[in-house]
Novice: 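Could you have a look at this structure, given as structure tokens, before my questions?
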Amino acid sequence: MDRKDLANLIFPNAKDYTYYEEKYAKRNLTENAIVTRFAPSPTGFVHIGGIYQSLIAKVMAKNGGVFFVRIEDTDQKREVEGGIKQILDALKDFDLCPDEYIDENDVDHGNYGPYKQSLRKDIYQSYAKKLLEEGNAYPCFCSAEDLDKIRENQEKAKERTGYYGKWTKCRNMPIDMAIEKIKNGDPYIVRFKSPGNPDKKIKHKDVIKGSVEFPENDQDIVIIKSDGLPTYHFAHLVDDHLMGTNMVIRADEWLASVPLHLQLFYVAGFKAPKYAHIAPMMKLDGEGKRKLSKRKDPESAVSYYKEEGIPKESVLEYLMNIANSNFEIWRKQNPDKKMEEFDFDIKKMSVSGALFDMVKMLDVSKNVISKFSAEEVYNETYNWAKEYDKELLEMLENKEYSLKVLGIERGNAKPRKDIAKWSDVKHIISYMYDDKFDKNGEFEYQKITDKDEIDKIVKLYFEKYYDESDDKETWFNKMKDLSESLGYAREVKEYKANPEGFKGHVGDVSTVIRVKITGRCNTPDLYEILKILGKERILKRI
RNA sequence: GGCCCCUUGGUCAAGCGGUUAAGACAUCGCCCUUUCACGGCGGAGACAUGGGUUCGAUUCCCGUAGGGGUCACCA
């Protein structure tokens with residue numbers, strides 16, 4: 001009885017791995033094209049970090065490379081129904097559609113599928129069989145209790161924990177004995193037989209982190225679990241080899257596994273990909289920082305951005321900012337270029353995690369939205385409202401009118417920057433809608449607060465000065481005339497030069513009109529507001 | 001605890017042995033402005049710490065402290 005018999009006993013039906021080597025031909029790409037991937041688990045939660053990773057993967061693959069998505073569903077306990085659709089939808093929402101993927105109906109798009117690990121069981125088993133035959137893997141019969149015991153002893157002896165070297169029980173089990181146990185029906189899993197020596201170091205050059213040095217791996221990690229599915233590590237080896245991945249872009253929590261992964265590739269005889277470990281986004285928590293957490297931080301979910309109405313362009317711009325900080329300088333110089341034109345350099349990515357700064361994200365978003373046309377703002381807000389705000393939706397039903405409202409101070413050289421997210425819009429424009437405006441509300445006036453004075457100003461203005469057909473200059477001059485007639489300065493400068501000589505200035509007076517008509521002391525251009533409101537509606541407000 | 005990585009203003013960050021140590025967000029002041037926003041100008045604000053190496057260290061080396069990651073039949 002030899003290793004081959006053992007391998008055949010464990011995987012009697014597995015094809016020889018060479019079958020897959022031939023089936024999945026090497027990709028025919030230009031020399032520097034990057035093949036990379038996003039490999040999420042369908043857990044029902046899409047983390048913003050996944051979008052971040054995909055963004056980077058997508059831009060890395062843009063020059064003739066391939067960006068594919070592979071669903072990592074080997075842990076069936078964590079799988080959630082509809083998880084795949086959620087992931088795909090999220091990518092689509094952010095314009096990050098992969099070149100190759102599997103859809104929610106298990107239909108593959110691409111020639112290197114299945115792009116879902118639970119559908120690749122046979123493939124993994126073929127490769128596990130290969131390792132078994134070569135003596136690079138072995139069945140392990142240790143129970144959970146055995147493993148606990150080993151760990152206990154290790155802790156007692158103050159040695160590293162894990163299944164390795166002298167602590168292993170099954171690594172050197174005679175083949176005949178293993179065969180007998182299997183035939184006997186003893187439960188087992190398959191382990192990798194690590195050739196590593198932890199006294200030796202391996203040097204690895206990470207694309208982002210640079211040179212790192214680790215002790216060699218000597219852990220005999222599990223490659224095939226008792227359910228017949230592979231562990232992440234083994235699936236990574238097989239899938240990324242077969243799918244032709246040449247750069248693995250993943251979260252930096254994987255960095256510590258690099259010695260293992262490199263060893264796996266080496267032992268299997270395959271060329272290892274390059275690794276780029278990206279630092280996670282962090283969040284301030286008391287004194288320290290921690291990763292953005294699914295449980296504690298709503299902004300960790302991609303759904304948050306959709307719900308808040310933060311446009312995808314804003315999120316993407318902000319993420320690009322974090323990824324390559326010189327992006328914002330480029331953006332300033334190239335305000336109208338598409339983000340794809342930015343010369344992204346993965347080597348410039350930060351090695352340590354940045355605090356996620358929502359204030360800055362919203363600032364980025366204000367800039368992004370300020371470049372939108374009124375039509376675009378309208379459409380986006382409308383779509384958002386359809387799903388999240390019925391009241392706003394009603395306000396927007398009159399498109400022609402809404403377009404006017406949203407178009408105030410928009411489209412010129414210095415556009416308004418007051419909208420950071422679609423959920424802001426209702427509050428920003430509400431006074432332009434009569435049913436949202438309560439003329440008897442408690443308004444806060446700025447300088448002039450005396451009720452009689454306010455009434456006097458308003459009365460006089462609408463009786464003597466206001467004319468709907470005035471152009472802006474005339475309107476403005478009349479405001480000055482009004483001010484002057486009541487003892488206020490025509491010009492602010494005039495007032496500042498001689499504050500004793502006036503009751504105030506034209507700004508104070510126009511603020512009274514502004515508050516009376518809008519209920520607010522801060523609004524965009526009052527002339528435009530009055531114009532859009534129209535005489536009839538205005539008079540009802542006074 | 002073992003192993004690994006990191007440490008420049010409140011935040012994100014340029015910097016690669018000699019700089020007045022960029023820029024952005026936030027903050028403050030001024031200007032512009034009939035309000036606000038925008039825009040312009042300016043202010044305050046940083047190289048964690050102790051040793052080396054060097055003519056000279058934010059930059060290189062070692063230690064200390066702090067932070068983060070990882071040590072599963074989870075990914």
Side-chain angles (χ1 to χ4, degrees), chain A residues 39-41 43 72-75 77-78 117 140 142 144 147 151 155 158-163 187-191 198 206 209-210 212-215 219 221-227 229-233 235-236 250-259 277 279-280 282 284 287-291 318 321-322 324-329 331-332 348 350-357 359-364 366-367 370 409 412-419 428 446-447 476 479-480 483 488 490-492 505-515 518 520-527:
Chain A
S41 300
T43 59
E72 310 236 321
D73 60 344
T74 55
D75 183 9
K77 293 186 291 290
R78 298 208 309 175
Q117 292 180 330
C140 172
C142 290
L147 263 19
R151 175 197 307 273
E155 278 167 3
K158 294 204 158 126
E159 293 201 36
R160 283 158 44 232
T161 55
Y163 204 84
Y188 65 95
I189 47 86
V190 180
R191 282 186 188 275
D206 190 83
K209 303 267 175 187
V212 282
E213 214 177 78
F214 287 99
Q219 298 279 342
I221 55 113
V222 174
I223 59 175
I224 301 289
K225 301 184 285 185
S226 52
D227 58 7
L229 286 168
T231 54
Y232 170 84
H233 304 107
H236 160 49
R250 65 187 1 174
D252 96 3
E253 66 207 55
W254 291 107
L255 187 63
S257 309
V258 163
H277 288 96
M282 313 292 280
L284 206 57
E287 295 286 283
K289 339 193 240 183
R290 43 147 238 263
K291 283 198 283 186
Y318 176 68
N321 244 285
I322 293 187
N324 267 190
S325 67
N326 55 321
F327 173 74
E328 61 185 341
I329 295 168
R331 172 50 83 210
K332 203 158 193 177
K348 282 191 180 145
S350 173
V351 291
S352 54
L355 244 35
F356 189 84
D357 189 345
V359 174
K360 178 132 184 172
M361 149 100 68
L362 293 178
D363 179 75
V364 169
K366 280 182 187 175
N367 282 294
S370 76
E409 290 180 61
N412 49 2
K414 285 201 258 171
R416 253 193 119 61
K417 296 186 179 176
D418 51 357
I419 304 173
I428 289 173
Q446 239 168 10
K447 272 268 212 37
F476 197 10
M479 194 64 82
K480 290 179 177 177
S483 304
Y488 295 85
R490 288 184 73 90
E491 310 283 346
V492 179
H505 58 74
V506 61
D508 302 330
V509 174
S510 68
T511 294
V512 168
I513 307 294
R514 181 190 309 278
V515 176
T518 66
R520 309 210 181 146
C521 43
N522 303 335
T523 75
D525 188 70
L526 184 55
Y527 174 75

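Sequence lines set the chain letters: A, B, ... in the order given, protein chains first and strands last, and positions in each chain run from 1. Values in this document were obtained by computation on a predicted structure and should not be read as measured data.
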Novice: Report the distance from atom CD1 of A:I223 to atom C1' of B:C73, rounded to the nearest whole Å.
Specialist: 12 Å

Novice: Spell out yes or no: do the side chain of A:E155 and the base of B:G1 have one donor N/O and one acceptor N/O closer than 3.5 Å?
Specialist: no

Novice: Which is more 5' along RNA chain B, the nucleotide nearest A:H233 or the one nearest A:S350? Just name the residue.
Specialist: A:S350

Novice: Spell out yes or no: do the side chain of A:K332 and the base of B:A24 have one donor N/O and one acceptor N/O closer than 3.5 Å?
Specialist: no

Novice: Given that both distances must come in under 3.5 Å, which nucleotide forms a Watson-Crick or G-U wobble pair with B:G2?
Specialist: B:U70

Novice: If you measure from the C1' atom in B:U20 to the same atom in B:G15, how many Å do you get, rounded?
Specialist: 15 Å

Novice: Counting only Watson-Crick pairs (N1-N3 plus N6-O4 or O6-N4) and G-U wobbles (N1-O2, O6-N3), all under 3.5 Å, who is the partner of B:U7?
Specialist: B:A65

Novice: Under 4.0 Å, counting only non-hydrogen atoms across every strand here, what does A:I189 touch: a base, just sugar-phosphate, or nothing?
Specialist: base

Novice: What does A:R250 touch in the nucleic acid at a heavy-atom separation under 4.0 angstrom: a base, only the sugar-phosphate, or nothing?
Specialist: nothing

Novice: Looking at A:V190, A:I224, A:V222, which one forms a side chain to side chain contact (heavy atoms under 4.5 Å, CB included) with A:T231?
Specialist: A:V222

Novice: Distance criterion of 3.5 Å, no angle test: do you see the side chain of A:R514 paired donor-to-acceptor with the base of B:C36?
Specialist: no

Novice: Whole angstrom is fine here: how far is it from NE2 in A:H277 over to P in B:C6?
Specialist: 14 Å

Novice: Given B:C5, B:C3, B:C73, identify the nucleotide with an atom nearest to the side chain of A:P215.
Specialist: B:C3

Novice: Taking any heavy-atom pair under 4.0 Å as a contact, classify A:V492: base, sugar-phosphate, or nothing.
Specialist: sugar-phosphate

Novice: Contact class for A:P524 vs. all strands (heavy atom < 4.0 Å): base, sugar-phosphate, or nothing?
Specialist: base

Novice: In this structure, how many angstroms lie between the P atom of B:U35 and the CG atom of A:D418, rounded?
Specialist: 17 Å

Novice: How would you label the contact of A:M282 with the nucleic acid (heavy atoms, under 4.0 Å): base, sugar-phosphate, or nothing?
Specialist: sugar-phosphate

Novice: Taking any heavy-atom pair under 4.0 Å as a contact, classify A:E213: base, sugar-phosphate, or nothing.
Specialist: sugar-phosphate

Novice: Checking all strands, does A:S41 fall into the base, sugar-phosphate, or nothing category for heavy-atom contacts under 4.0 angstrom?
Specialist: sugar-phosphate

Novice: Mind checking A:T43 for me? I need base, sugar-phosphate or nothing, with any heavy atom below 4.0 Å counting as a touch.
Specialist: nothing

Novice: Nearest whole angstrom, please: distance from the C1' of B:A37 to the CG of A:N412.
Specialist: 12 Å

Novice: Would you measure the distance from the C1' atom in B:A14 across to the matching atom in B:C74 and give it in whole Å?
Specialist: 39 Å

Novice: Check this for me: does any side-chain nitrogen of one of A:K291 and A:E253 sit under 4.0 Å from a carboxylate oxygen of the other?
Specialist: yes

Novice: Please work out which of the three classes, parallel, tilted or perpendicular, describes the rings of A:H233 and A:W254, given edges at 30° and 60°.
Specialist: perpendicular

Novice: With RNA chain B as reference, determine whether A:A413 or A:D508 sits nearer its 5' end, using the nearest nucleotide of each.
Specialist: A:D508

Novice: Taking the six-membered ring for Trp and the single ring otherwise, decide whether the centroids of A:F356 and A:Y318 are under 6.0 Å apart.
Specialist: yes

Novice: Tell me the interatomic distance from A:N321, atom CG, to B:U11, atom C1', rounded to whole angstroms.
Specialist: 12 Å

Novice: Can you check whether any acceptor in the base of B:U34 is under 3.5 Å from a donor in the side chain of A:S510, or vice versa?
Specialist: yes

Novice: Report the C-alpha separation of A:D252 and A:K209 in whole Å, then their side-chain angles, then the decisive distance to 0.1 Å, and conclude whether the salt bridge (charged side-chain N to carboxylate O under 4.0 Å, His left out) test is met.
Specialist: CA-CA 9 Å; A:D252 96 3; A:K209 303 267 175 187; 2.7 Å; yes

Novice: In whole Å, I'd like the distance from the CG atom of A:N367 to the P atom of B:C25.
Specialist: 8 Å

Novice: Less than 4.0 Å between a side-chain N and a carboxylate O, is that true for A:R78 and A:D75?
Specialist: yes

Novice: I'd like to know if A:K360 and A:E328 make a salt bridge, using a cut-off of under 4.0 Å between side-chain N and carboxylate O.
Specialist: yes

Novice: Using whole Å, what does the distance between atom C1' of nucleotide B:U35 and atom OH of A:Y488 come to?
Specialist: 15 Å

Novice: NA contact type, A:D525, heavy-atom cut-off 4.0 Å: base, sugar-phosphate, or nothing?
Specialist: base

Novice: Base, sugar-phosphate, or nothing for A:E328, non-hydrogen atoms under 4.0 angstrom?
Specialist: base

Novice: What's A:F214 touching, base or sugar-phosphate or nothing? Going by heavy atoms closer than 4.0 Å.
Specialist: sugar-phosphate

Novice: Within the structure shown, what part of the strands sits under 4.0 Å from A:K417 by heavy-atom distance: base, sugar-phosphate, or nothing?
Specialist: sugar-phosphate

Novice: Is the shortest heavy-atom distance from the side chain of A:S483 to the side chain of A:H505 under 4.5 Å?
Specialist: no

Novice: Starting at atom CD1 of A:I513, determine the distance to atom P of B:U34, rounded to an integer number of angstrom.
Specialist: 16 Å

Novice: Look through every strand shown and name the nucleotide pairing with B:G29 as Watson-Crick or G-U wobble, where both distances are under 3.5 Å.
Specialist: B:C41

Novice: Using atom P in both nucleotides, what's the gap between B:C62 and B:G67 to the nearest angstrom?
Specialist: 22 Å

Novice: Is A:T161 side chain donor-acceptor paired with the B:C71 base, going by distance under 3.5 Å alone?
Specialist: no

Novice: Classify the nucleic acid contact of A:S370 as base, sugar-phosphate or nothing, counting any heavy atom under 4.0 Å across all strands shown.
Specialist: nothing

Novice: With rounding to the closest Å, how many angstrom separate the P atoms on B:C41 and B:A24?
Specialist: 10 Å

